[in-house]
Amino acid sequence: MPKNSKVVKRELDDEVIESVKDLLSNEDSADDAFKKSELIVDVQDEKDTDAEEGSEVEDERPAWSSKLQYILAQVGFSVGLGNVWRFPYLCQKNGGGAYLLPYLILLLVIGIPIFFLELSVGQRIRRGSIGVWNYISPKLGGIGFASCIVCFFVALYYNVIIGWSLFYFSQSFQQPLPWDQCPLVKNASHNFVEPECEKSSATTYYWYREALNISSSISESGGLNWKMTICLLAAWVMVCLAMIKGIQSSGKLEIMLEPKVWREAATQVFFALGLGFGGVIAFSSYNKRDNNCHFDAVLVSFINFFTSVLATLVVFAVLGFKANVINEKCVAENSKMIITFLKMGNISQDIIPHHINFSAITTEDYHLVYDIIQKVKEEEFPALHLNSCQIGDELNKAVQGTGLAFIAFTEAMTHFPASPFWSVMFFLMLVNLGLGSMFGTIEGIITPIVDTFKVRKEILTVICCLLAFCIGLIFVQRSGNYFVTMFDDYSATLPLLIVVILENIAVSFVYGIDKFMEDLRDMLGFAPNKYYYYMWKYISPLMLLSLLIASVVNMGLNPPGYNAWIEDKASEEFLSYPTWGMVVCVSLVVLAILPVPVVFLIRRCNLIDDSSGNLASVTYKRGRVLKEPVNLEGDDASLIHGKIPSEMSSPNFGKNIYRKQSGSPSLDTAPNGRYGIGYLMADMPDMPESDL
């Protein structure tokens with residue numbers, strides 16, 4: 001578990017001492033006042049780790065106690081519910097193995113490079129998303145705020161899904177499982193099966209009526225569902241308590257040619273790794289600066305991929321088992337119908353092969369009989385209402401999301417021996433997967449705000465979770481499931497794409513890809529492969545822009561709407577959002593990306609003074625944070641207290657403290673020629689984190 005470093009005072013480093021000796025040795029000997037003047041270098045609060053010199057001095061920022069813990073935290077954030085119910089669905093929908101190749105290609109082109117980029121900037125700058133992007137370019141500081149807003153939107157409905165899982169988990173400790181059979185309705189004369197359940201299935205009825213008690217449209221609120229309200233409260237309490245403790249707790253190959261397959265694969269890569277949320281940056285900011293984040297990026301990406309593949313194998317096995325059970329029931333029921341037709345004379349006994357035994361008929365024999373009857377009774381066959389009972393038809397009923405977890409899987413588990421045990425294990429897994437992703441999402445909100453506004457993390461966490469629970473009550477109304485769909489479709493996809501595109505542009509073109517590669521060499525101790533240079537500068541931006549355009553076009557072609565559960569029909573029906581619903585959809589997208597242009601205009605018009613406030617005086621030198629007084633005036637050489645530049649002599653330095661970087665006349669750099677994340681000296685006008 002990471003722990004707070006203990007505060008240790010450090011001596012002035014050798015480089016500064018030598019530079020000051022040189023300065024004093026060249027002074028004018030007649031200037032006594034100059035000799036007696038005092039050197040101001042504020043090191044009282046200096047406690048950051050000097051990774052390059054091997055210093056044991058550490059800053060106040062919490063740190064991971066081990067590399068394994070950090071890797072598990074990143075894996076926990078990236079491996080979430082989507083690996084269980086989204087990836088398998090896309091594999092099944094897009095041709096199985098034919099989908100894996102585009103996914104792997106896009107993982108190498110978009111996933112790993114952008115994941116590596118976020119890990120690098122977070123680890124080097126050691127700030128959350130707001131501080132990182134404001135540091136790279138103050139005009140693009142809105143990227144961090146946009147990430148926080150998207151994280152908040154996603155956390156609102158994501159924790160509702162954890163609440164649903166908690167409800168099913170609590171209901172799994174009984175035999176038989178409550179969704180095993182349709183309930184019976186009693187009246188004065190007899191009992192009968194609930195019509196809504198009889199028209200659908202026991203698991204479908206339990207999900208929509210018993211668990212959600214869903215209304216027929218998004219416009220019908222229906223009031224709060226008290227069971228789900230309690231589960232949502234429990235989910236937020238779990239998240240809040242964990243976060244208060246800090247980071248310690250936490251087939252057909254031609255399908256490949258279809259653009260839709262590549263768009264869906266790219267979207268899955270994008271969201272699987274949590275790019276743009278800020279959680280990746282937040283977690284990596286607690287690393288030492290010399291940590292090999294390139295290895296971490298590759299490792300976590302492939303762990304995520306292989307976890308998705310493993311989950312797909314398990315899901316296919318379970319769905320295959322379910323399809324086989326349902327198919328056997330279909331054969332048994334239709335065989336009874338054929339026996340009835342034989343007794344009534346609708347079908348002649350002569351056409352039935354002699355080896356057929358309807359009391360123990362196999363699937364192959366049933367298909368043989370079915371084909372014979374279909375040929376002989378060609379015109380009358382539709383009136384018989386016989387089912388072909390093809391197992392492939394059942395397997396092709398692709399389901400994803402809540403339909404997979406709370407309907408298909410629950411139905412499959414009713415056929416397992418010791419079904420309550422498997423149900424408990426399954427929903428416990430969903431809760432753990434969800435919480436791991438929630439911790440990273442909330443960290444993407446908390447860390448940037450704490451870094452920027454210096455508030456207490458515990459208080460901020462409680463306020464954030466309490467506010468999220470109150471807003472989240474809209475998701476536990478009877479119509480709440482429709483709002484979950486709305487937020488899932490519109491609050492994250494486009495805003496996160498825009499955020500990641502801007503992240504790529506900020507590093508590659510605003511900060512400068514050459515300087516960034518040089519910083520990575522300094523941080524890692526080796527030069528990253530040129531592959532990343534070309535990915536960040538050319539390929540990834542083009543692919544991300546293509547994905548953004550494809551997503552916008554797809555949204556334009558598909559009218560905004562949702563699948564509503566119609567009680568009378570006991571089935572889903574697609575409905576368009578009402579006018580106010582369309583306004584909410586647009587507002588979610590606009591609110592998420594609004595900080596980007598707002599902060600840009602504020603910085604562009606100089607509405608906030610960059611030199612004001614304590615954040616404006618934070619600079620980086622040799623991996624340390626140097627805090628200096630903001631009242632220094634004049635040239636950077638005025639390090640001598642009590643003297644203004646005009647009163648000082650002009651010595652010839654034995655060792656130059658800093659020099660101008662070629663091509664960047666407005667930025668002063670250290671002797672190695674790097675700036676930004678490298679060795680910055682004092683009073684850089686563009687250095688600070690956001691004053692917003």
Side-chain angles (χ1 to χ4, degrees), residues 70 73-83 86 110-123 127-133 140-159 161-162 239 243 247 250 266-286 296-297 300-301 304 433-452 461 464 468 487-504 506-507 544 547-548 551 588-589 591-593 595-596:
Y70 165 67
Q74 288 285 17
V75 170
F77 175 49
S78 64
V79 177
L81 298 174
N83 296 73
R86 178 69 178 167
I110 294 178
I112 295 178
I114 302 299
F115 192 58
F116 180 30
L117 183 147
E118 291 196 353
L119 288 179
S120 301
V121 296
Q123 178 176 308
R127 292 292 182 271
S129 56
I130 295 176
V132 161
W133 300 114
L140 295 179
I143 297 176
F145 288 97
S147 294
C148 290
I149 292 176
V150 173
C151 279
F152 187 72
F153 284 162
V154 171
L156 288 176
Y157 72 86
Y158 200 90
N159 222 24
I161 300 174
I162 298 177
V239 171
M243 294 304 300
I247 60 170
S250 114
T267 304
Q268 179 63 18
V269 169
F270 186 79
F271 288 102
L273 295 174
L275 303 178
F277 280 95
V280 173
I281 294 176
F283 279 150
S284 65
S285 71
Y286 297 106
D296 301 342
V300 173
S301 298
N304 185 288
L433 283 176
L435 287 176
S437 297
M438 272 299 296
F439 294 157
T441 302
I442 298 298
E443 196 70 47
I445 303 172
I446 301 297
T447 298
I449 296 178
V450 169
D451 287 345
T452 304
T461 300
C464 179
F487 271 67
D488 190 36
D489 290 341
Y490 294 96
S491 69
T493 306
L494 283 181
L496 280 180
L497 273 171
I498 295 172
V499 165
V500 173
I501 290 172
L502 291 175
E503 287 181 357
N504 200 160
V507 171
L544 288 169
L547 179 59
L548 177 62
S551 299
L588 289 174
V589 178
L591 284 175
I593 63 174
V596 176

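We're numbering straight along the sequence, starting at 1.
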Given the rule in the side-chain contact (heavy atoms from CB on, under 4.5 Å) test, do Leu433 and Asn83 qualify, once you have shown the distances and angles that lead to the verdict? CA-CA 9 Å; Leu433 283 176; Asn83 296 73; over 6 Å; no

Which value, rounded to the nearest 0.5 Å, describes the distance between Leu273 atom CG and Leu119 atom CG? 9.5 Å

Quick one: do Phe283 and Phe77 satisfy side-chain contact (heavy atoms from CB on, under 4.5 Å)? Show the steps, please. CA-CA 10 Å; Phe283 279 150; Phe77 175 49; 3.9 Å; yes

Considering only heavy atoms from C-beta outward, does the side chain of Leu81 approach that of Ser437 to under 4.5 Å? no

Exercise: identify the closest heavy-atom pair between Val499 and Gly276: CG1-O, 3.8 Å

Quick one: are Leu435 and Val239 in side-chain contact, heavy atoms under 4.5 Å? yes

If you take all heavy atoms of Ile446 and Cys464, which pair is closest and at what distance? CD1-CB, 4.1 Å

Quick one: are Leu502 and Trp133 in side-chain contact, heavy atoms under 4.5 Å? no

Point-to-point distance, once rounded to the nearest 0.5 Å, from OG of Ser284 to CZ of Phe116: 11.0 Å

Can you check side-chain contact (heavy atoms from CB on, under 4.5 Å) on Val500 and Leu544, steps first, answer last? CA-CA 8 Å; Val500 173; Leu544 288 169; 3.8 Å; yes

Let me confirm one number: the CE-CD1 distance from Met438 to Ile162, rounded to the nearest 0.5 Å. 5.5 Å

Arg127 versus Ile281, closest heavy-atom pair with distance: O-CG2, 3.6 Å

Nearest-0.5 Å distance, CG of residue Leu117 to CG of residue Asn504: 6.5 Å

For the atom pair CD (Gln74) and CG (Asn304), what is the distance rounded to the nearest 0.5 Å? 11.0 Å

Working to the nearest 0.5 Å, report the span between CG of Leu496 and CD1 of Ile593. 11.5 Å

Would you confirm whether Ser78, through its side chain, and Val75, through its main-chain N or O, come within 3.5 Å as a donor-acceptor pair? yes

For residues Tyr70 and Asp296, determine if any side-chain heavy atom of one lies less than 4.5 Å from a side-chain heavy atom of the other. yes

Can you tell if the side chain of Phe152 reaches within under 4.5 Å of the side chain of Ile442, non-hydrogen atoms only? no

List the atom of Ile445, the atom of Cys151, and the distance in Å for their closest heavy-atom pair. CG1-CB, 3.5 Å

Over all heavy atoms of both residues, which pair between Gly82 and Gln268 is shortest? Give the atoms and the distance, please. O-NE2, 4.0 Å

Full working for side-chain contact (heavy atoms from CB on, under 4.5 Å) between Glu118 and Val132: CA-CA 10 Å; Glu118 291 196 353; Val132 161; over 6 Å; no

Ser491: side-chain contact (heavy atoms from CB on, under 4.5 Å) partners, not counting sequence neighbours: Phe153, Tyr157, Phe487, Leu588

Are the side chains of Tyr158 and Thr441 in touch, meaning some heavy atoms are under 4.5 Å apart? no

Does some side-chain heavy atom of Ser129 sit less than 4.5 Å from a side-chain heavy atom of Ile143? no

Would you name the heavy atoms of Asp451 and Gly128 that are closest together and state the gap between them? OD2-N, 2.9 Å

